[in-house]
There are 2 protein chains.
Amino acid sequence: MTDQAFEPHDHGACISDGVAAVERICVERGLQLTKARARVLEILLSEHRAMGAYEILDVLRADGLASQPPVAYRALEFLTKNGFAHRIERLNAFIACSHLDGAHAPVFLICRVCNSVAEAQPDPARSEVDRVARSAGFAVERVVREAEGVCPNCARAA
Amino acid sequence: MTDQAFEPHDHGACISDGVAAVERICVERGLQLTKARARVLEILLSEHRAMGAYEILDVLRADGLASQPPVAYRALEFLTKNGFAHRIERLNAFIACSHLDGAHAPVFLICRVCNSVAEAQPDPARSEVDRVARSAGFAVERVVREAEGVCPNCARAA
DNA sequence: CGTGCTCCTGTGATTAGATAACATATCGTT
DNA sequence: AACGATATGTTATCTAATCACAGGAGCACG
């Protein structure tokens with residue numbers, strides 16, 4: 001398991017690699033990574049934390065782009081629907097996906113001190129949510145798994 | 001595991017037993033189950049689904065009680081802080097706790113067809129979220145686990 | 001007895017998050 | 001050129017949540 005958000009890394013590459021990877025996938029799947037969508041993805045990739053739609057909108061506005069709420073929400077819908085970004089329900093906010101390879105049911109670790117969010121890839125076979133749902137005869141379509149707490153860096157600092 | 005929400009049961013008892021149990025716990029712990037708080041609990045217990053704060057507020061208003069948003073939010077804060085109700089992040093809504101006994105890290109099963117929400121009690125030892133967090137050195141304070149899908153009753157009906 | 005403290009309530013205003021509805025544009029296809 | 005599908009721009013609206021401040025009930029302590 002990797003937790004990019006909690007470990008030092010080349011963040012410039014983080015952004016450019018992320019955009020490049022999404023571009024490639026869009027070509028493969030015939031998806032249009034338009035200007036607005038690409039810009040929102042970049043904005044999300046520029047931070048390892050979740051950003052609210054209106055916060056993203058502020059950045060777009062500063063760029064001189066259209067800045068009405070639907071602009072951000074449409075881009076975010078595109079990104080989340082295609083797995084390029086995720087919605088963090090606990091925060092009503094969004095974050096770029098950091099595991100573009102393959103289907104996943106991620107677990108998010110949200111640090112309440114530094115606001116960073118790490119996306120972890122747990123073993124799907126061990127999902128307790130799935131196990132519980134199965135035993136209740138419940139057909140799962142989407143799973144939300146988010147933990148809020150203190151990341152190792154902030155714990156060390158305290 | 002029990003899934004009251006998905007199974008036939010005496011719902012009148014569901015409400016009265018729920019209120020009685022919370023009353024008892026409040027006495028034990030020296031908590032004040034005031035009029036507003038008790039009423040909101042009742043409202044939540046009256047349905048096996050999550051209700052939005054403003055929806056609760058509408059009921060309070062119909063009762064002739066104070067009906068400004070903070071009234072509902074304060075009662076909900078009391079109820080959730082003490083484990084008498086839970087917030088469903090996915091829905092920005094609230095539901096009465098159906099497992100008052102003991103500390104828990106519940107899993108919620110949200111039916112998108114009939115809107116019912118079941119609270120399941122998984123085996124804590126198997127929590128994949130905890131496992132992942134531990135391996136990242138992340139100190140978990142709160143966990144959100146919610147599955148959205150179709151409940152057995154609605155699946156049968158379709 | 002009354003002062004101060006803590007906790008709870010009431011209300012108006014504001015901020016944040018999300019969507020509806022409708023008009024316009026762009027691009028590839030036929 | 002006409003069409004359909006997809007994406008954009010904008011206004012308005014709705015839902016969710018919080019702030020800020022004033023007032024009240026109950027209790028403890030001097």
Side-chain angles (χ1 to χ4, degrees), chain A residues 22-23 26-27 29-41 43-44 49-82 84-95 112 115 144 146 148, chain B residues 22-23 26-27 29-41 43-44 49-82 84-95 112 115 144 146 148:
Chain A
V22 169
E23 267 171 2
C26 283
V27 170
R29 302 194 199 153
L31 299 172
Q32 305 185 43
L33 186 63
T34 62
K35 197 174 200 80
R37 293 168 177 177
R39 186 69 189 103
V40 170
L41 175 63
I43 292 168
L44 288 179
R49 67 183 180 91
M51 297 181 73
Y54 280 67
E55 200 178 348
I56 291 167
L57 216 44
D58 287 341
V59 179
L60 291 177
R61 184 171 300 127
D63 286 1
L65 298 179
S67 57
Q68 300 307 313
V71 174
Y73 282 103
R74 283 169 187 156
L76 288 168
E77 190 193 347
F78 171 85
L79 294 173
T80 54
K81 205 169 59 180
N82 293 294
F84 304 143
H86 301 289
R87 181 184 167 80
I88 308 296
E89 300 293 340
R90 176 70 183 125
L91 305 176
N92 292 334
F94 302 83
I95 190 166
R112 69 166 162 77
N115 291 310
V144 175
E146 300 169 358
E148 204 173 9
Chain B
V22 170
E23 267 171 2
C26 283
V27 171
R29 301 192 200 156
L31 299 172
Q32 304 185 43
L33 187 62
T34 63
K35 197 172 198 81
R37 291 167 179 178
R39 186 68 190 105
V40 170
L41 175 63
I43 292 168
L44 289 178
R49 66 181 180 91
M51 297 181 73
Y54 281 68
E55 200 178 347
I56 291 168
L57 217 43
D58 287 342
V59 179
L60 291 178
R61 185 171 299 128
D63 286 0
L65 298 179
S67 58
Q68 300 305 313
V71 174
Y73 282 103
R74 284 169 188 156
L76 289 167
E77 190 192 347
F78 170 85
L79 294 172
T80 54
K81 204 168 61 181
N82 293 294
F84 305 143
H86 301 288
R87 181 185 167 79
I88 308 296
E89 299 294 341
R90 177 69 182 125
L91 304 176
N92 292 334
F94 301 84
I95 191 165
R112 68 166 163 76
N115 291 311
V144 175
E146 300 169 357
E148 203 173 9

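Just so it is clear, the structure is predicted and the values come from calculations on it, not from any experiment.
Evaluated for a side chain to side chain contact (heavy atoms under 4.5 Å, CB included) with B/Phe94, the options B/Ile88, B/Thr80, B/Val40 yield exactly one hit, B/Thr80. When each of B/Leu44, B/Leu65, B/Thr34, B/Ile56 is checked for a side chain to side chain contact (heavy atoms under 4.5 Å, CB included) with B/Arg39, only B/Leu65 meets the rule.
Nucleotide C/dT19 holds its P atom 14 Å from the CG atom of A/Leu57, rounded to whole Å. We find that CZ of B/Phe78 is positioned 14 Å from C1' of C/dT9, with the value rounded to whole Å. B/Lys35 places its NZ atom 13 Å from the P atom of D/dG26, with the value rounded to the nearest Å. Straight-line distance from the CG atom of B/Leu76 to the P atom of C/dC8: 15 Å, rounded to whole Å. The nearest whole Å value for the distance from the CZ atom in A/Phe94 to the P atom in C/dA16 is 16 Å. In this structure, B/Glu55 atom CD and D/dA17 atom P are separated by 12 Å, rounded to whole Å. In this entry the distance linking CG of B/Asn92 with P of C/dT19 reads 10 Å, nearest Å. Between the C1' atom of D/dA16 and the CE atom of B/Met51 lies a distance of 15 Å, rounded to the nearest Å.
Nearest nucleotide to the side chain of B/Val71, out of C/dG17, D/dA16, C/dT11: C/dT11.
A/Gly52 and A/Ala93 make their closest contact through N-CB, 3.9 Å (heavy atoms, listed as atom of the first residue, atom of the second, distance). For B/Arg90 against A/Glu89, the heavy-atom pair with the smallest separation is NH1-OE2, 3.0 Å.
B/Arg112 places no side-chain N or O within donor-acceptor distance of the main-chain N or O of B/Glu148, the cut-off being under 3.5 Å. In this structure, B/Glu23 contributes its side chain and B/Leu33 its backbone to no donor-acceptor pair below 3.5 Å. Under a 3.5 Å cut-off, the side chain of B/Arg49 and the backbone N or O of B/Asn115 do not form any donor-acceptor pair.
Nearest-nucleotide assignment on DNA chain D puts the 5′-proximal partner with B/Ala93, out of B/Arg74 and B/Ala93. Nearest-nucleotide mapping onto DNA chain C: of A/Gly52 and B/Leu31, the residue sitting toward the 5' end is B/Leu31.
Near DNA chain D, defined here as any heavy-atom distance below 4.0 Å, the residues from residues 61-70 of chain B are B/Pro69, B/Pro70, listed numerically.
Phosphate contact (OP1/OP2 of C/dC7, side-chain N/O of B/Gln32, threshold under 4.0 Å): absent. Between D/dA17 and B/Arg87, a contact under 4.0 Å exists linking OP1 or OP2 to a side-chain N or O.
Donor-acceptor pairing under 3.5 Å, judged by distance alone, is absent between the side chain of A/Tyr73 and the base of C/dA20.
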